[in-house]
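Take a look at the structure below.
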Amino acid sequence: QVQLVESGGGSVQAGGSLRLSCAASGFPYRTGCMGWFRQAPGKEREGVATTYSRGGSTFYADSVKGRFTISHDVAKNMLYLQMNTLKPEDTAMYYCAATERTLVDCWGLDNFAYFTYWGQGTQVTVSS
């Protein structure tokens, strides 16, 4: 059974940093994708950053490019999101998600639909 558990959220001032962690158990890392998504109040859930489960290419939303970095430690079964230069508009519930499906790439709304495993989320609040 796949379980994803996020941690590391909190409240910071604009310009600050946070590192989110996702502990993944029961996930077959040889295939599929993993990533971070977020949902702000009154807004749709959006992709933040994704990567292949086996490692390799990373994908980012334009709004976080250059500020956020996704990384995956397969040996520790951990997925991370380093968030720097945080802005108030980054305030949201952040979710770790994964799919076992082999996809051409791990980005795009069509591919996001295949992310079937989700954590419960961790709140990030950035004040101005």
Side-chain angles (χ1 to χ4, degrees):
Q1 183 179 359
V2 176
Q3 285 191 324
L4 304 175
V5 180
E6 305 96 335
S7 61
S11 297
V12 295
Q13 290 190 327
S17 298
L18 283 173
R19 188 194 194 201
L20 305 184
S21 299
C22 174
S25 60
F27 187 72
Y29 291 99
R30 293 167 293 177
T31 63
C33 305
M34 301 186 74
W36 292 94
F37 296 75
R38 67 186 181 187
Q39 187 167 20
K43 294 187 177 181
E44 292 187 354
R45 186 172 61 195
E46 63 175 352
V48 176
T50 58
T51 184
Y52 291 103
S53 300
R54 64 184 182 275
S57 297
T58 55
F59 308 86
Y60 295 94
D62 288 341
S63 60
V64 306
K65 282 180 181 176
R67 300 189 298 123
F68 291 11
T69 302
I70 187 171
S71 60
H72 185 202
D73 188 331
V74 177
K76 295 182 179 179
N77 294 345
M78 297 292 294
L79 184 72
Y80 302 101
L81 184 68
Q82 178 65 45
M83 305 185 296
N84 298 327
T85 319
L86 282 161
K87 304 176 181 180
E89 51 263 44
D90 294 317
T91 295
M93 184 71 78
Y94 283 71
Y95 297 91
C96 174
T99 175
E100 300 168 271
R101 189 181 183 102
T102 299
L103 302 173
V104 175
D105 65 60
C106 300
W107 194 255
L109 291 177
D110 289 347
N111 291 323
F112 292 164
Y114 293 111
F115 281 70
T116 54
Y117 302 112
W118 293 84
Q120 292 190 326
T122 185
Q123 177 68 38
V124 172
T125 302
V126 184
S127 57
S128 57

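Only this structure's heavy atoms are used, side chains among them; waters, hydrogens and symmetry mates stay out.
Note on ring orientation: taking the six-membered ring where Trp is involved, the planes of Y94 and F68 are tilted (angle from 30° to 60°). The aromatic rings of F115 and W118 are tilted relative to each other, their planes meeting at an angle between 30° and 60°.
For the pair L79 and H72, the tightest heavy-atom approach, listed with the atom from each and the gap, is CD1-CB, 3.9 Å. When all heavy atoms of V48 and V64 are compared, the pair lying nearest together is O-CG2, 3.5 Å. The heavy-atom pair separating M93 from G121 by the smallest distance is SD-C, 3.7 Å. Between A23 and M78, the closest heavy-atom pair is CA-SD, 3.5 Å. Here the shortest heavy-atom pairing between A98 and M34 reads CB-CG, 4.0 Å.
Under a 3.5 Å cut-off, the side chain of T91 and the backbone N or O of V126 do form a donor-acceptor pair. Side chain of E6 to main chain of Q120: a donor-acceptor pair is present (N/O by atom type, distance under 3.5 Å, no hydrogens or angles).
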Can you give each donor-acceptor pair under 3.5 Å made by side-chain atoms of residues 83-90, sequence neighbours left out, with the distance rounded to 0.1 Å?
from: N84; atom 1: OD1; to: S17; atom 2: OG; distance (Å): 2.9
from: N84; atom 1: OD1; to: Q82; atom 2: NE2; distance (Å): 2.9
from: D90; atom 1: OD1; to: R38; atom 2: NH1; distance (Å): 2.9
from: D90; atom 1: OD1; to: R67; atom 2: NH2; distance (Å): 3.0
from: D90; atom 1: OD2; to: R67; atom 2: NH1; distance (Å): 2.8
from: D90; atom 1: OD2; to: R67; atom 2: NH2; distance (Å): 3.4
from: D90; atom 1: OD2; to: K87; atom 2: N; distance (Å): 2.8

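Distance check, rounded to the nearest 0.5 Å: CG of L4 to CZ of F27 gives 8.0 Å. For the atom pair CG (L20) and OH (Y80), the distance works out to 12.0 Å, reported to the nearest 0.5 Å. How far CD of E100 is from OG of S53: 9.0 Å, rounded to the nearest 0.5 Å.
Checked options T50, I70, T51; the residue passing with W36 is I70 (criterion: side-chain contact (heavy atoms from CB on, under 4.5 Å)). V12 pairs with exactly one of T125, V124, L18 by the side-chain contact (heavy atoms from CB on, under 4.5 Å) rule, that one being L18.
Judged as a salt bridge (charged side-chain N to carboxylate O under 4.0 Å, His left out), and not counting sequence neighbours, the contacts of K65 are D62.
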Tell me, with the steps shown, if L103 and Y52 meet side chain to side chain contact (heavy atoms under 4.5 Å, CB included). CA-CA 9 Å; L103 302 173; Y52 291 103; 5.8 Å; no
Mind running side chain to side chain contact (heavy atoms under 4.5 Å, CB included) on Y60 and T69 for me, showing each step along the way? CA-CA 8 Å; Y60 295 94; T69 302; 3.8 Å; yes
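Applying the disulfide bond (SG atoms under 2.5 Å apart) definition to pairs two or more places apart or across chains, those involving residues 75-128 are C22-C96, C33-C106.
Residues W107 and V104 do not share a hydrophobic cluster, clusters being chains of Ile/Leu/Val/Met/Phe/Trp/Tyr side chains in contact below 4.5 Å.
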